[in-house]
> 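Supplied in structure tokens, the structure appears directly below.
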Amino acid sequence: MQQQQQPAAKELHSNQLAMQVVRRLSKRLQKRQQAESGATAADLIQMVRREAVACAGRDPVDAVSQNACRRVLKILREEAVHSLGASAQLLSSLQNNLFSERPIDYSQVKADSLRDAVSAAIKELSLELETSLDDLRSHGAAHIGENEVVLTLGYSHSVARVLQTAAATRKFQVIVCDSGPNFSGSRMLQLLKTVPQIDASLITDAHAFAVMSRVHRCLLSAQTVFADGGLRAECGTHGLLLAAKRHSVPVLVCTPAHKLAPAYHSVERANVYLNPACLLEENLSFAEVHCPKYDLVPPGLVTLFVTNLGGLAPAHLHRCLAEQYHQDDYSIDAGEADGDAGVLDDE
Amino acid sequence: ELKMLPTDSKQRSGKEKQQKEKQSLPASSAQEGKSAAQLRAERRELQERQRAAKLQKQQEQKQAGGGKGGSKTSNPSNKAEAGSKKSAEQKQSAPIPTSADKKAQSSKLAPPGDTHQQQQAANKKKSPPPQQQQQPADSSVKSLPSFFRHLKPPMDAEQITSSVYNEQFAQSQIEAAFVQLSLMVAHEQLQGPAARCLGLARALRQLLCTVPVQDLPRLIKPKLDPNMRLLRSAKPPTVLESYLEQRLANWVQSAGSSAENSDHWLVDRMNEFVIEQIEKARVTMRASLKSKINNLDCIMLYKPSSLIFECLEDIVSEGTKMPDVRIILLDSPPSWEGQAFLRRLQGHRLLSKCPVRYAMLSAAPSLLSDTSKLVLEGQALTANGNVLAPVGTAYLANVAWSHRIPCLVLCHACQTWDQVLIDSVSYNELGRVSSDSQLCNIQYDLTPGDLVTALITERGVLPCTGSPVPSH
């Protein structure tokens, strides 16, 4: 009764989702370039921005699709600047942005000239997304030592990979927290029990404070990482992180870099509320049931973000953001949606 | 057989080495200058060393098996040796106990971590209950975190009845009331800090009725001991229960001559205790709690017992003075006490005045912006000012502290404990879970005193550092 019935939909990992979006965008870009001979870079950028808005409209909680759009936008903008020549490149450098009066005019750049460079860059991006989880696990495994007790919450693909990689060379204990209303902990436990060097056990998250004095590391994952270091993560993460802070236990959040969103946790309040029937039976429904799927965790509780690009301190998230996305794409407003915004092309 | 394996593999690897040496012999002997005879001698030495090691291991096992049993004559010890060797091999694969094995198992070195079972086995020399030893020691089914392995797993009804048989075999009588109480305690049917104490008082009353008044001081201890042993084997005693026991012993000691005492003086004393320390205390605590709750408050509750329910009823019956109090009820598996509370509320007039919100414990941080205060119940107050409470309380108190929400803990004054605890691991109880569940369920956790804003006792509202010492 208490287990939530997951619909049997195809479960995509975040990098697969991002790759889908990138593939879709690259096809549309190619189409556009072939169809319109007079298309400029500005048109392409506008098209991708509209797609990002559409993604947000479909699922407000999903930041990965939007981030994938932002990566493609960065590629477009970079290649456009590159083709405009050296003077434009100088203009777009960080220092000059403060003093420049003329923004870069993307409508000067013809789409045809970008075609090869952009498709090569998009291929690289797809490769990076595909291998992101593999890169991540080697960075994460380094932080787990022999005979240490690691605490984790629920089921996460990234964390499972990291633990398996670490278990290849050393023996340690894992305590899995099972938190409602998702109850994905037993799935993680089943997976970890098949790993020979891991001694896995399952507790509810009510026990998190009780065991925390014996825990060496907290290894978690997040659905989204915000630019200020806040997280949107599985429900129960916030309480666990507070307990870890109290006991000074280092908290490692394993997320691939495409989950890093240029938004602030105090502004982004989107959350998913689950069906109360997963918790309560019918005749007790006089009570108002509060059943969020995610926790919005404020910044200041995470020690290290383990990404496929390496370990990242919370104070350096902005640098990773600046490398991944263009500053102009940080905020994509819903007001830009028009025309072919909601159209989902063939995959 | 598993224990034989390491030596077997050693032998095998030794033989392989020797075979390799043999193969390389013709090539290298000339160069190394060793004769074939020398090499053969080396091989023989290696084999004999391995044989000696194997023999030593077996002897160690025998010694351990013989030593644990205490005083034994040569014949049983031989049996034990034979049994221990067999059981060493069979134990790894869920043994079916034969009579020899049973005896040997009672004295066999248990696998590390089962120290409590060892002690129990040593205690019950006469007839070790076979079911207890058969608890699967293999961790493939469910494993506890290593730091909880010193905790005793919860007892079953069969185990309790077998302990009853053991005691009766040793010719001591067990009251039916105590058996019933032990069963209820073992199956966790008594919730709330005072419930077990009241149950104990009831069982004691029945016991005392069977003892004639004149013989009371003399007979009470031998009568009481086996019953208390049974009860304690079901679960370790709560603070209130130990307090009641202590008081009982004191009353009996200070009884004086039996002539001036009425017929049921001990039962009267006990009833007085129950009324004073538990029932009147509850009334006082309810009043204190009510005084702390203001209009428009939103109270967060976790594992509330009847005490809080009665307090809420008081508040609601107040009428116009407190029109708007809301409740947030938190819950956690596997005991789901929040849902039990909801069932109690169903159809109750409380609901018309007091809207209830229900959530899982993990959703607590998101609800704290709405909350005015958190009300919890404590099991015991340790001597160093920490609160032992049902598991999840510390988690919640920590979350509330980070959000600056006051945390009130309800606690009887006589729930003060002389034990000193700094974390939830050294003292705890394993709770009961359904057989198909993989959960490791602990009963208590320790809330550090600085996370608790105020302790509401019947003697006043105190900080955790100001724990009262019960007078004797």
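Chain letters run A, B, ... following the sequence lines, proteins first, then strands; residues in each count from 1.
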> Tell me, side chain or backbone of A/L296 under 4.5 Å from chain B's heavy atoms, or both, or neither?
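Nothing of A/L296, per the 4.5 Å heavy-atom cut-off to chain B.
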> Considering only heavy atoms, which portion of A/D205 lies under 4.5 Å from any heavy atom of chain B: side chain, backbone, both, or neither?
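For A/D205, backbone and side chain are both near chain B.
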> Please classify the contact between A/C235 and chain B as side chain, backbone, both or neither, with a heavy-atom cut-off of under 4.5 Å.
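Contact with chain B: backbone and side chain both.
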> Less than 4.5 Å to any heavy atom of chain B: does that hold for the side chain of A/I203, its backbone, both, or neither?
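Both backbone and side chain.
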> What part of B/S146 gets within 4.5 angstrom of chain A, counting heavy atoms only: side chain, backbone, both, or neither?
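Backbone plus side chain of B/S146, per the 4.5 Å heavy-atom cut-off to chain A.
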> Name the member of B/D445, B/I328, B/V425 that forms the most heavy-atom pairs with chain A at distances under 4.5 Å.
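When all of B/D445, B/I328, B/V425 are compared, B/V425 has the most.
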> Taking 4.0 angstrom as the limit, do B/E188 and B/K235 come out as a salt bridge?
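Salt bridge: yes.
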> So which part of A/V149 gets closer than 4.5 Å to some heavy atom of chain B, the side chain, the backbone, both or neither?
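A/V149 touches chain B through side-chain heavy atoms alone.
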> Tell me which of these, A/H238, A/R214, A/K245, has more heavy-atom pairs under 4.5 Å with chain B than the rest.
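Among the listed options, the one with the most contacts to chain B is A/R214.
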> May I ask you to test the A/L279-B/M360 pair for a side-chain heavy-atom distance under 4.5 Å?
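In contact.
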> Do B/D331 and B/Y358 get their side chains close enough for a donor-acceptor pair, meaning under 3.5 Å?
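B/D331 vs B/Y358: donor-acceptor pair found between side chains.
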> Quick one: what part of B/A364 sits under 4.5 Å from any heavy atom of chain A, side chain, backbone, both or neither?
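Contact with chain A: none, neither part.
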> Is it the side chain or the backbone of B/L329 that comes within 4.5 Å of chain A heavy atoms, both, or neither?
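When you check distances to chain A, no heavy atom of B/L329 falls under 4.5 Å.
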> Is B/I442 close to chain A through its backbone or its side chain, or both, or neither, when contacts mean heavy atoms under 4.5 Å?
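Both the backbone and the side chain of B/I442 come within 4.5 Å of chain A.
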> Is any NZ, NE, NH1 or NH2 atom of the basic residue among B/D297 and B/R326 found under 4.0 Å from an Asp or Glu carboxylate oxygen of the other?
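Salt bridge flag = no for B/R326 with B/D297.
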> Sort out for me which of B/C440, B/G392, B/A359 touches chain A most, counting heavy-atom pairs under 4.5 Å.
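Most heavy-atom pairs within the cutoff with chain A belong to B/C440.
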> Quick one: of B/S402, B/P365, B/S366, B/S362, who has the most non-hydrogen atom pairs under 4.5 Å with chain A?
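Highest number of heavy-atom pairs under 4.5 Å: B/S362.
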> Who among B/L451, B/I422, B/V433 has the most heavy-atom pairs with chain A under 4.5 Å?
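Winner by heavy-atom pair count: B/L451.
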> Could you go through the side chain to side chain donor-acceptor pair (under 3.5 Å) check for A/Y294 and A/T237 one step at a time?
CA-CA 9 Å; A/Y294 297 115; A/T237 312; over 6 Å; no
> At a 4.5 Å cut-off on heavy atoms, which part of B/N441 comes close to chain A: side chain, backbone, both, or neither?
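The answer is both parts of B/N441.
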> Which answer fits A/S213, side chain, backbone, both or neither, if we ask what part of it has an atom under 4.5 Å from a heavy atom of chain B?
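Side chain only.
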> Go through B/R149 and A/D199 one step at a time and tell me if the salt bridge (Lys or Arg N to Asp or Glu O under 4.0 Å) criterion holds.
CA-CA 13 Å; B/R149 285 190 192 138; A/D199 188 3; 3.0 Å; yes
> Say whether A/S184 and A/N182, considering side chains only, have a donor N or O and an acceptor N or O under 3.5 Å apart.
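Result is no, nothing qualifies.
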> Between A/E146 and A/K171, is there a side-chain N and carboxylate O pair less than 4.0 Å apart?
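A salt bridge is absent here (no side-chain N lies under 4.0 Å from a carboxylate O).
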> Check whether B/L439 gets within reach of chain A through its side chain, its backbone, both or neither, counting any heavy atom under 4.5 Å.
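Both backbone and side chain.
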> Hydrogens and angles aside, do B/Y395 and B/S332 bring a side-chain donor and acceptor to less than 3.5 Å of each other?
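Their side chains do not contain a donor-acceptor pair, so the 3.5 Å distance test is not met.
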> Is a donor on one side and an acceptor on the other found under 3.5 Å between the side chain of B/T453 and the backbone of B/C407?
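Yes, B/T453 side chain to B/C407 backbone: donor-acceptor pair under 3.5 Å.
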> Among B/L367, B/V399, B/L330, which has the most heavy-atom pairs under 4.5 Å with chain A?
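Among B/L367, B/V399, B/L330, the one with the most close pairs to chain A is B/L367.
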> Give a yes-or-no answer on whether the side chains of B/E377 and B/S305 include a donor-acceptor pair shorter than 3.5 Å.
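There is such a pair between these side chains.
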